[in-house]
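Remember, it's 1-based here, ligands and their atoms both numbered in the order they're listed.
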Amino acid sequence: MSKTIIISNRLPLKIALEDDKLRVTPSVGGLATGLKSFHKDGDSIWIGWSGLTEEEIPDHLEDEVKEKAKAEDCVAVNLTEEEVDGFYYGFSNRTIWPLFHYFMEYTEAEYNFWETYKQVNIKYAKEVLKYYEEGDRVWVHDYQLLLVPKLIRDEEPEAIIGFFNHIPFPSYEVFRTLPWRESVLEGMLGADLIGFHTYDYERHFLSSVSRILRHQVDFNEITLPERIVKVDSFPMGIDYKKFEEAALNHFRGSEDEQSELQRRLDLHLEATPDAKLILSIDRLDYTKGIANRIRAFEYFLEKFPEFIEKVRLVMLAVPSRSNVPQYQRLKREIDELVGRINGKFSTVSWTPIWYFYRSMPFDNLIDLYTSCDIALLTPIRDGMNLVAKEYIATRTDHTGVLILSEMAGAAHEMNEALIINPNNFEQIALTLKEAINMPKEEQIERNKILQKRLKRYDVEKWAKDFMSALINTEDNRRAFESI
Ligand code: ADQ
């Protein structure tokens, strides 16, 4: 029977070494949380890196790493420290990530990064080829593995290969600045189907293919000499039921079962019953607009001092890529901004910002989603943004207001949210005021529409849509061969 081979940089589980023992935890991040349910339910194996470098794994635990991965239908790719540096922290996160998010001033064109990226992509492709059998479908994910589709195609010309890009694809004018632009496009074109979150990213990609490689592009099909590649948008959904169910259970739980975080949130609500909690959750990343958000919040408190002691920004930032200099600088900037604003506005009984810099267990995420009246998500650029969708899914009484940046892919599907430009502090301040004063009936009306849509287009539907489009490309191939 044929299977699906999922391949991504990281596995959905993270293996760490503690006191000479292996500890397995779920991976955090959009791709892992989104695809996990598809992987669990279907006949698939998942190939990716476990999080431990070759140097970190003691010889006597090598087999155990493989077994731990296998127990979850996963295969761990071994990477050395040097490979992780050049491939992951280097080319992926210092070249492609900033470039694709329009942070050109952060984009480094380092030849050594590119060389390691190529080598590591070959390593991933080889691992896939070990498990590939005729009739299998291969689904490659994200910007760390842009060359893998072609590397597999070169060895298995008949393979059915899909590629999904989880981050934006930039406009041609930005993409063309990449020294290795041809190789990157050719790598992706090894796939039969290339998916993006939005129509805009799809158009940008097609325009780069036609202008850089000069291939014929008709609507959303690219004609190569030997086959046709289909390009389409598949906006990724969330595991809606999981979030809805978790929120419902949360309200059913007794006081004894409450987390410390929930007790603190409840204390806040008791002490200031008419105060509003404003939530933000992101990986600590410059694309997420965290510093902008804090500055906009400062502007809001200055412009509308009547809200002092009446609002609180609850900000969860998950540590991410802390080896990359820009992330270290951003961390310092945020620490300083939070300190300055708390110092400037705090009263004896109130601090404007509660800031958590850590990863939190799932239950605590639910505590936050269900307790906060407003979610303020202000990315400067974001492929999709699943947090926006998760917040809405947990609002089981349909209240709550989502303020969302127009730069997030999710904004295309969430028109009923309050959409803002993350660079416009004036607009953010006015929108925060609007959100605080929004009547319950209006909140309910907006959220019911959003919930209906998110429930229908959940992650399962997303994966199924992508897979059926991938299977349909076989027809394309037959049609092409008969010409
Ligand atoms: P990310 O940049 O990681 O994903 P996002 O889509 O918001 O961004 O996903 C974050 C995920 O991590 C959410 O599912 C959230 O629940 C989870 N998470 C956040 N904080 C957590 C914490 N403290 N503990 C546990 N889990 C936490 C990339 C792209 C996005 C795109 C996704 C999916 O950058 O634009 O939406 O992939 O394609």
Side-chain angles (χ1 to χ4, degrees), residues 6 8-10 12-14 25-38 92-93 96-98 100-103 139-145 163-170 195-198 200-201 233-240 242-243 246-247 259 261 279-290 314-321 327 355-370 375-394 402 404-405 407-414 454 457-459 462-463 466:
I6 302 172
S8 66
N9 166 46
R10 296 294 291 262
L13 50 93
K14 189 174 168 194
T25 50
S27 293
V28 177
L31 191 155
T33 33
L35 255 186
K36 232 184 277 182
S37 48
F38 169 79
S92 299
N93 287 321
I96 295 289
W97 178 269
F100 281 31
H101 287 88
Y102 295 78
F103 279 77
W139 192 2
V140 185
H141 287 268
D142 228 0
Y143 66 104
Q144 301 92 350
L145 303 175
F163 177 82
F164 190 83
N165 200 48
H166 289 260
I167 66 172
F169 195 92
F196 296 96
H197 283 305
T198 73
D200 289 346
Y201 309 155
S233 54
F234 301 87
M236 187 173 181
I238 55 163
D239 187 345
Y240 191 93
K242 179 174 127 188
F243 283 91
S259 67
L261 175 70
L279 175 69
S280 76
I281 298 184
D282 347 61
R283 279 185 306 97
L284 190 108
D285 196 300
Y286 50 82
T287 60
K288 303 284 182 186
I290 304 173
V314 183
M315 221 175 67
L316 171 62
V318 185
S320 179
R321 304 171 197 168
Y327 289 73
Y355 171 44
F356 304 91
Y357 174 63
R358 71 182 81 126
S359 189
M360 279 194 187
F362 181 72
D363 289 350
N364 283 158
L365 280 190
I366 301 298
D367 292 339
L368 290 172
Y369 282 145
T370 50
L376 177 62
L377 305 173
T378 57
I380 309 289
R381 292 276 163 188
D382 210 341
M384 174 52 77
N385 194 302
L386 299 179
V387 171
K389 295 185 170 182
E390 293 167 3
Y391 175 71
I392 294 296
T394 57
L402 170 64
L404 179 61
S405 162
M407 310 294 178
H412 293 259
E413 297 162 79
M414 302 184 85
L454 294 180
Y457 293 101
D458 66 356
V459 70
W462 168 77
F466 185 90

side-chain contact (heavy atoms from CB on, under 4.5 Å) with V314: of I281, L368, L376, only one passes, and it is L368

With M236 as partner, the option from F466, W462, Y457 fulfilling side-chain contact (heavy atoms from CB on, under 4.5 Å) is W462

Within the 4.0 Å heavy-atom shell around [X], which atoms of ligand 1 are there?
X    : answer
V387 : 7 (O)
G383 : 35 (O)
D382 : 30 (C), 34 (O), 35 (O)
V318 : 20 (N), 21 (C), 22 (C), 23 (N)

Relative to the ring of Y357, is the ring of Y355 parallel (under 30°), tilted (30 to 60°) or perpendicular (over 60°)? tilted

Between D367 and S259: side-chain donor-acceptor atoms closer than 3.5 Å: yes

D285 versus Y327, side-chain donor and acceptor atoms under 3.5 Å: yes

Counting heavy atoms only, name the option from K288, H166, H197 that's nearest to atom 1 (P) of ligand 1. K288

Could you check which of H141, R283, M384 puts a non-hydrogen atom nearest to atom 31 (C) of ligand 1? M384

Test item, Y391 contacting ligand 1 (heavy atom, 4.0 angstrom): no

Sub-6.0 Å ring centroid separation between H197 and F164: yes

Is it true that F100 and Y143 have ring centroids separated by less than 6.0 Å? no

Check whether any N or O atom of [X], backbone or side chain, sits under 3.5 Å from an N or O atom of ligand 1, and answer yes or no.
X    : value
P361 : no
W97  : no
F243 : no
L386 : yes
I281 : no

Please state which part of [X] comes within less than 4.0 Å of ligand 1, counting heavy atoms only: side chain, backbone, both or neither.
X    : answer
M236 : side chain
L316 : side chain
T287 : neither

Is the NZ or CZ atom of K389 both under 6.0 Å from the centre of the six-membered ring of Y240 and within 45° of that ring's axis? no

Apply side chain to side chain contact (heavy atoms under 4.5 Å, CB included) to Y102 and list each qualifying residue two or more places apart in sequence or on a separate chain. P170, S171, V174, H204, R381

